[in-house]
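Working notes, beginning with the structure itself.
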Amino acid sequence: MNKIALIFTGGTIAMKVSSKQQGAVLGLSPDEIVDTLHTLTDFEHLVPHAFADLPSPSITPVRMVALKQVIDSYLKDSEFAGAVIIHGTDTLEETAFFLDVVSTSPKPVVLTGAMKNASEIGYDGMTNLISSIRVVMESHSHGKGVLVVMNYAINAACEVMKTHTLNLDTFKSLDFGPLGIIDDEDVIYFRNQTQRKDYRLRPAISPDVFLIKCYAGLDGRLIDFLVDTGAKGLVLEALGRGNVPPDMMPAITRACHQGIPVVIVSRSPGGRVLDTYGYPGGGKDLIRVGCMLGGSLSGPKARILLMLALGNGFDREGIRHLF
Ligand code: ASP
């Protein structure tokens, strides 16, 4: 059991600057990346798989479902220790969380990428790839759920988010800190996940689940539009502790009364939502009309979970329990 699947989806790690397009575009093949890796390390038994060649804004939940099937085909093979998924950083946390929620194997699955493309000084692709392979090879990585490895840090898919548009040290678990680090050849874990739930949902998704960010003065027109055009579920990135502008309440109430699950999370990057406030549009109002609270999940992750919950046929009570 010593083979490691390297599953390539694209992203900056596989990009170079093209003078023709005057910007970073995909240009490094999986074989070129693995060849470079072999010149830098003595890793053996790496099995590259070209799943896609996409910048991560082009990764969709439908592609995540297909990716899950490819990963499973390797994990169920007893010769494989685990898998590294090479991914653009923009939507990496969504794919990582999706894979975590549908994960059934204790074998390590690590997502990684790069913040600098291969034409830039300080390209971090190789470092991140080498760190990720070390994490898969480490026996303590078993049963920890899907992991994200970037810039020498190991974070849990359920906790991590991209926090900076440029810094190499962008993936952080703001409330909890990293699970561990990669220091030279050592993989060192500091703690276990505090937030991870063993969801084990089937990789079945419902389309038409939307995310709306709330802001001062927002009214209900966006929600009305989505409800009238067939939304199956809504996630609201509410303000602070989980409150919305009062002018949104009639549309939220209508959505709930039509049986559309409405999940409340916060636009604040840290902390849980809770029904602390009793004023119009406050958490108590939202619960009273039938909204559900999404804990400390970010908006994009709550949307992924709601798509999966609906795809798995959960009813309202089931969804409430899940969140
Ligand atoms: N925009 C790029 C992408 O997500 C950024 C990256 O790969 O880091 O594909």
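These values consider heavy atoms only, across backbone and side chains, with no hydrogens, waters or symmetry-generated copies. Small disclaimer: the values here were computed from a predicted structure and weren't measured. Whatever order the structure lists them in is the order used to number ligands and atoms, beginning at 1.
Look at E237 and K213 and you find a salt bridge, because one of the NZ, NE, NH1 or NH2 atoms lies within 4.0 Å of a carboxylate O, short of that distance.
Judged by the 6.0 Å and 45° rule, K144 forms a cation-pi pair with Y189.
Side chains of D285 and Y277: a donor-acceptor N/O pair is absent below 3.5 angstrom, by distance only.
In this view, K284 and D275 satisfy the salt bridge (charged side-chain N to carboxylate O under 4.0 Å, His left out) rule, not counting sequence neighbours. Partners of P108 under the side-chain contact (heavy atoms from CB on, under 4.5 Å) rule, at least two apart in sequence or in another chain, are V136, S141, H142.
The other residues sharing a hydrophobic cluster with I181 are I188, F190, where clustering joins ILVMFWY side chains under 4.5 Å apart.
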Tabulation required: pairs of a nitrogen or oxygen in ligand 1 and a protein nitrogen or oxygen under 3.5 Å; columns are atom names and distance to 0.1 Å; otherwise 'none'.
from	atom 1	to	atom 2	distance (Å)
ligand 1	1 (N)	D90	OD2	2.7
ligand 1	4 (O)	S56	OG	2.4
ligand 1	4 (O)	T89	N	3.3
ligand 1	4 (O)	D90	N	3.1
ligand 1	4 (O)	D90	OD2	3.4
ligand 1	7 (O)	T12	N	2.7
ligand 1	7 (O)	T12	OG1	2.8
ligand 1	7 (O)	T89	N	3.2
ligand 1	8 (O)	T12	OG1	3.3
ligand 1	8 (O)	T89	N	3.1
ligand 1	8 (O)	T89	OG1	2.3
ligand 1	8 (O)	A114	O	3.0
ligand 1	9 (O)	S56	N	2.7

